[in-house]
Amino acid sequence: MSVETRSAGQASAGSRVRNRLIALVAAAAAAAAAWAIGNAAGAELTVNQNGVTEITLAGAVVSTLMAGLAGWGLLALLERFTARGRTIWTYVAGTVLLLSLLPTLLADATTGTRATLTAMHLMVGAVLIPSFHRSSREA
């Protein structure tokens, strides 16, 4: 019988997965909340990019989950192949969040739509970035 001890800050692979799944669900809920608030406030939630694109609740949630899974995949690769995966990932995630705001701010859309999309991006980033950062292994 062996006893395995972990120092503070080192989580098992199972707890990392659980924490990241919780973060994905929380981020999807944050996106849904931002969408619902914008919709209730009367934002059109359409963008004119080569035709009119409607931003639906399902689309917002699925996009959030896809972006979160992509971020998780990148973090897992960086953790496996670099000594500073968490640090690199955090900078990349912050940069991607900032870059994701550009089309939102420049979109051919109403002010309410732009405000809703910006809030959605920021809320999702505010959930995923610190949650994934905390769940990452120390170097």
Side-chain angles (χ1 to χ4, degrees):
M1 181 175 180
S2 69
V3 175
E4 185 179 330
T5 60
R6 289 185 177 80
S7 64
Q10 286 188 321
S12 70
S15 67
R16 276 194 304 277
V17 169
R18 184 186 71 244
N19 291 340
R20 291 176 188 175
L21 284 172
I22 291 168
L24 282 175
V25 170
W35 183 93
I37 291 167
N39 189 48
E44 289 181 21
L45 298 177
T46 59
V47 177
N48 190 1
Q49 291 179 311
N50 302 326
V52 175
T53 302
E54 182 180 357
I55 298 132
T56 64
L57 176 59
V61 170
V62 169
S63 296
T64 298
L65 293 174
M66 297 303 289
L69 288 170
W72 184 345
L74 176 61
L75 179 56
L77 287 171
L78 289 169
E79 286 174 326
R80 183 175 179 124
F81 295 112
T82 68
R84 299 188 51 175
R86 176 169 63 176
T87 301
I88 294 167
W89 182 87
T90 302
Y91 282 113
V92 169
T95 301
V96 168
L97 174 60
L98 290 175
L99 290 174
S100 78
L101 295 174
L102 289 177
T104 300
L105 297 173
L106 301 174
D108 183 12
T110 66
T111 302
T113 300
R114 276 190 286 231
T116 301
L117 289 173
T118 300
M120 207 178 302
H121 283 232
L122 292 174
M123 289 170 70
V124 168
V127 171
L128 289 180
I129 294 172
S131 296
F132 281 13
H133 178 87
R134 277 192 309 272
S135 72
S136 184
R137 291 187 286 226
E138 294 287 338

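We're numbering straight along the sequence, starting at 1. Atoms considered below: every heavy atom in the structure, side chains included; atoms not considered: hydrogens, waters and symmetry mates. Not measured: the values here are computed from a predicted model.
- Here Arg114 contributes atom CZ and Thr104 contributes atom OG1; the two are 10.0 Å apart, rounded to the nearest 0.5 Å.
- Cluster membership for Ile129 and Val25, using ILVMFWY side-chain heavy atoms within less than 4.5 angstrom, is not shared.
- A donor-acceptor pair is defined here as one N or O able to donate and one able to accept, closer than 3.5 Å; no such pair exists between the side chain of Thr118 and the backbone of Ala115.
- Using a 4.5 Å cut-off on side-chain heavy atoms (C-beta onward), Leu97 and Val124 make no contact.
- In this structure, Leu102 shares a hydrophobic cluster with Leu99, the cluster being traced through Ile, Leu, Val, Met, Phe, Trp and Tyr side chains under 4.5 angstrom apart.
- Linking ILVMFWY side-chain heavy atoms closer than 4.5 Å, directly or via other members, places Met123 and Leu57 in two distinct hydrophobic clusters.
- You'll find the side chain of Ser15 reaches within 4.5 Å of the side chain of Arg18, heavy atoms only.
- Of all heavy-atom pairs spanning His121 and Ser100, the tightest one is ND1-OG, 2.8 Å.
- Following chains of ILVMFWY side-chain contacts shorter than 4.5 Å, one can reach Met120 starting from Leu69, so the two form part of one hydrophobic cluster.
- With a 4.5 Å cut-off between side-chain heavy atoms of Ile, Leu, Val, Met, Phe, Trp and Tyr, the cluster of Val52 takes in none.
- Shown here for Gly38 and Thr116, the closest heavy-atom pair between the two residues is CA-OG1, 3.4 Å.
- For the atom pair Leu77 CG and Ile88 CD1, the distance stands at 12.0 Å (nearest 0.5 Å).
- Rounding to the nearest 0.5 angstrom, the gap separating the CG atom in Asp108 from the OG1 atom in Thr46 is 9.0 Å.
- Here the closest heavy-atom approach between residue Ala60 and residue Ala31 is recorded as O-CB, 4.2 Å.
- With Val92 as reference, Val96 is the one residue of Val96, Thr90, Thr95 to meet the side-chain contact (heavy atoms from CB on, under 4.5 Å) rule.
- The side chain to side chain contact (heavy atoms under 4.5 Å, CB included) test applied to Ser131 returns Ala23, Val127, Arg134, not counting sequence neighbours.
- Using a 4.5 Å cut-off on side-chain heavy atoms (C-beta onward), Val47 and Leu117 make contact.
- Listed here is the closest heavy atom pair of Ser136 and Arg86: OG-CB, 3.3 Å.
- Listed here is the closest heavy atom pair of Asn19 and Ser135: CB-CB, 4.2 Å.
- Grouping Ile, Leu, Val, Met, Phe, Trp and Tyr residues whose side-chain heavy atoms lie under 4.5 Å apart, directly or via other members, leaves Ile37 alone, with no other cluster members.
- The shortest heavy-atom contact between Leu65 and Ala28 is CD2-CB, 4.0 Å.
- In this structure, the salt bridge (charged side-chain N to carboxylate O under 4.0 Å, His left out) partners of Arg20, at least two apart in sequence or on a different chain, are Glu79.
- With sequence neighbours left out, the ring pair (Phe, Tyr, Trp, His ring centres under 6.0 Å) criterion links Trp89 to Phe132.
- When atom types are taken as modelled, the side chain of Trp35 and the backbone of Leu45 share no donor-acceptor pair closer than 3.5 angstrom.
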